Structures are given as C-alpha cells and as structure tokens.
Amino acid sequence: SDIVGYVGKYGATHVIFINGHGGNEPSLTQVARQYRDKGVAVADIMWWEVAGYLNHKWALIGHGDILETSMMLALNPDAVDLSKARVPINKYLTPNMRIEDGGSVKFGPASVRLGLRTMDTSDTGDMIEYGHSAHADYTISPAGATKEMGKEVLNALVKYIVDFGKEFMNV
C-alpha cells in the first residue's frame with residue numbers, strides 16, 4: 001500500500017506488480033481496490049498462472065517444479081542442485097486429510113482452507129499445488145529442468161508483461 005501511495009504521489013497512474021508468491025494475493029487485491037478509488041490502476045500479474053496460459057506445458061505443478069527449476073537454471077544456475085530434484089510428495093495432516101497445497105487440505109470429497117506453512121506441507125520445501133490447471137501433469141520431475149526451458153519461459157513472460165503493460169495504460 002505504501003509503495004503505491006508513494007508512486008501515486010509522484011504522478012503515477014498505473015502500477016503493475018509481478019507477483020512471485022500466492023500469499024501476496026489478498027494484500028495486492030486490497031491495494032488494487034484502495035488505489036483504484038484514488039485514480040491509480042493496479043495490476044497483479046501472477047507469473048505462474050500466466051505461464052500456464054501461454055503454454056499448457058508450463059502449467060503450475062508446485063513449488064520447486066520443473067518450471068521454477070528451469071527458470072532458476074536460467075537466472076542463477078549455481079543455486080540449483082538437480083541431484084535433489086524429485087517429484088514432491090505432499091504430507092498428510094492426518095490419515096484422512098491430504099494436503100493439496102500451502103493452504104488447503106482434501107478431506108473426503110471437498111477441500112478445506114487451512115492456515116498452513118510450507119513445513120506443514122513438505123519436509124523439503126517443494127510441494128505439489130493441485131487444482132491450479134487442468135493441464136498440469138503432476139508426475140513431471142524437476143530433474144528434467146533445463147536452462148533453455150527457463151530462458152524460453154522467461155522470454156515469453158517478459159513479452160506478455162510488456163504487451164500487457166502497453167494495453168494496461170489504456171485503462
């Protein structure tokens with residue numbers, strides 16, 4: 001909220017957040033509504049959702065998936081240890097409550113939102129995020145990540161964000 005307030009104070013009429021964490025979504029939605037009333041248009045681009053629309057092979061699987069690992073290989077390959085790459089296995093909170101993602105569990109036929117932490121979901125920090133895309137193949141291992149795929153995804157995202165930004169200026 002403070003960031004948008006400062007840039008609005010200096011005449012900005014449009015702000016684009018490139019969101020890297022789903023937990024930011026409620027706050028960014030609130031900021032967007034608050035500043036729209038003040039004449040500042042705010043957009044929140046969740047890159048992982050955009051990537052899945054740009055290419056169904058890039059559909060979100062989860063934290064530390066092939067998409068994120070490929071992007072890290074393109075950006076900072078020294079931060080990646082592919083020998084630890086594996087298909088994540090989400091924990092069960094109880095024998096009947098399987099964790100779906102960082103904020104919900106499957107109990108019987110329904111999902112229930114819970115205030116979970118990553119360590120509740122996974123011992124390693126990687127996790128499957130079920131239900132974000134009909135196209136996701138949850139069996140793909142991040143061990144298949146490549147720097148080339150990361151560059152392709154990053155280039156496509158940058159192009160999309162630039163194109164969106166040009167159109168967004170007309171809002």
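Since the structure is predicted, the reported quantities are computational estimates derived from the model, not experimental observations.
- Taken from OG1 in Thr29 to CG in Asn24, the straight-line distance is 10.0 Å, to the nearest 0.5 Å.
- Of the possible polar contacts, one joining the Asn155 side chain to the Lys151 backbone as a donor-acceptor pair under 3.5 Å is found.
- Grouping the Ile, Leu, Val, Met, Phe, Trp and Tyr side chains by contacts below 4.5 angstrom, directly or via other members, places Val112 with Leu116.
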Taking distance alone, no hydrogens or angles, what donor-acceptor pairs closer than 3.5 Å link side-chain atoms of residues 138-147 to residues at least two apart or in another chain?
from, atom 1, to, atom 2, distance (Å)
Tyr138, OH, Gly131, N, 3.0
Thr139, OG1, Asp137, OD1, 2.5
Ser141, OG, Ala143, N, 3.0
Thr146, OG1, Met149, N, 2.9

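- Side chains of Asp120 and Leu114 form no contact here, defined as non-hydrogen atoms less than 4.5 Å apart.
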Practice prompt. Dump the intermediate steps for side chain to side chain contact (heavy atoms under 4.5 Å, CB included) on Ile161 and Ile45, then the final yes or no.
Written response: CA-CA 8 Å; Ile161 292 166; Ile45 296 176; 4.0 Å; yes

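- We find the CH2-CE distance between Trp58 and Met71 to be 10.0 Å, quoted to the nearest 0.5 Å.
- The shortest distance between side-chain heavy atoms of Thr124 and Arg86 falls below 4.5 Å.
- Phe17 and Tyr35 fall within the same hydrophobic cluster, defined by Ile, Leu, Val, Met, Phe, Trp and Tyr side-chain heavy atoms under 4.5 Å apart, directly or through other members.
- More than 12 heavy atoms of other shown residues, nucleotides or ligands fall within 6.0 angstrom of atom CD1 in Ile16.
- Listed for the Lys106 side chain is a donor-acceptor partner under 3.5 Å among the backbone atoms of Pro109.
- Under the 4.5 Å side-chain criterion, counting only non-hydrogen atoms from C-beta, Leu28 is not in contact with Val42.
- Ion pairing between a basic and an acidic side chain is recognised when a charged N comes within 4.0 Å of a carboxylate O; Lys84 and Asp126 show no such pairing.
- Between the side chain of Ser104 and the backbone N or O of Glu100 there is no donor-acceptor pair closer than 3.5 Å.
- Put simply, the side chain of Asn90 gets close to the backbone of Ile128: a donor and an acceptor are under 3.5 Å apart.
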Item to complete: Walk me through it: do Leu82 and Thr69 pass the test side chain to side chain contact (heavy atoms under 4.5 Å, CB included)?
Response: CA-CA 9 Å; Leu82 284 176; Thr69 303; 3.8 Å; yes

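- From Ile99, atom CD1 reaches atom CE of Met127 across 9.0 Å, with rounding to the nearest 0.5 Å.
- Side-chain atoms of His14 come within 3.5 Å of backbone atoms of Phe168 as a donor-acceptor pair (strictly under, hydrogens ignored).
- Residues Trp48 and Leu60 come closest through the heavy atom pair CD1-CD2, 3.7 Å.
- Clustering ILVMFWY residues whenever any of their side-chain heavy atoms sit less than 4.5 angstrom apart, transitively, puts Leu67 in the very cluster that holds Leu157.
- Residues Val50 and Phe164 form no side-chain contact, since every pair of their non-hydrogen atoms from C-beta on lies 4.5 Å or further apart.
- Closest approach of Gly23 and Pro26 over heavy atoms only: O-CD, 3.5 Å.
- Rounded to the nearest 0.5 Å, atoms OH (Tyr130) and CD1 (Ile61) are 10.5 Å apart.
- Side-chain atoms of Glu129 and His63 include a donor-acceptor pair closer than 3.5 Å.
- Leu154 and Met72 are assigned to two separate hydrophobic clusters, defined by single-linkage of ILVMFWY side chains at heavy-atom distances under 4.5 Å.
- A salt bridge is absent between Arg33 and Asp37: the closest approach of a Lys/Arg side-chain nitrogen to an acidic carboxylate oxygen does not fall below 4.0 angstrom.
- Closest heavy-atom contact between Ala41 and Val171: CB-CG1, 4.4 Å.
- A continuous path of hydrophobic side-chain contacts links Ile18 to Leu75 [ILVMFWY only; heavy atoms under 4.5 Å].
- A 4.5 Å side-chain heavy-atom check between Glu25 and Asn19 finds at least one atom pair inside the cut-off.
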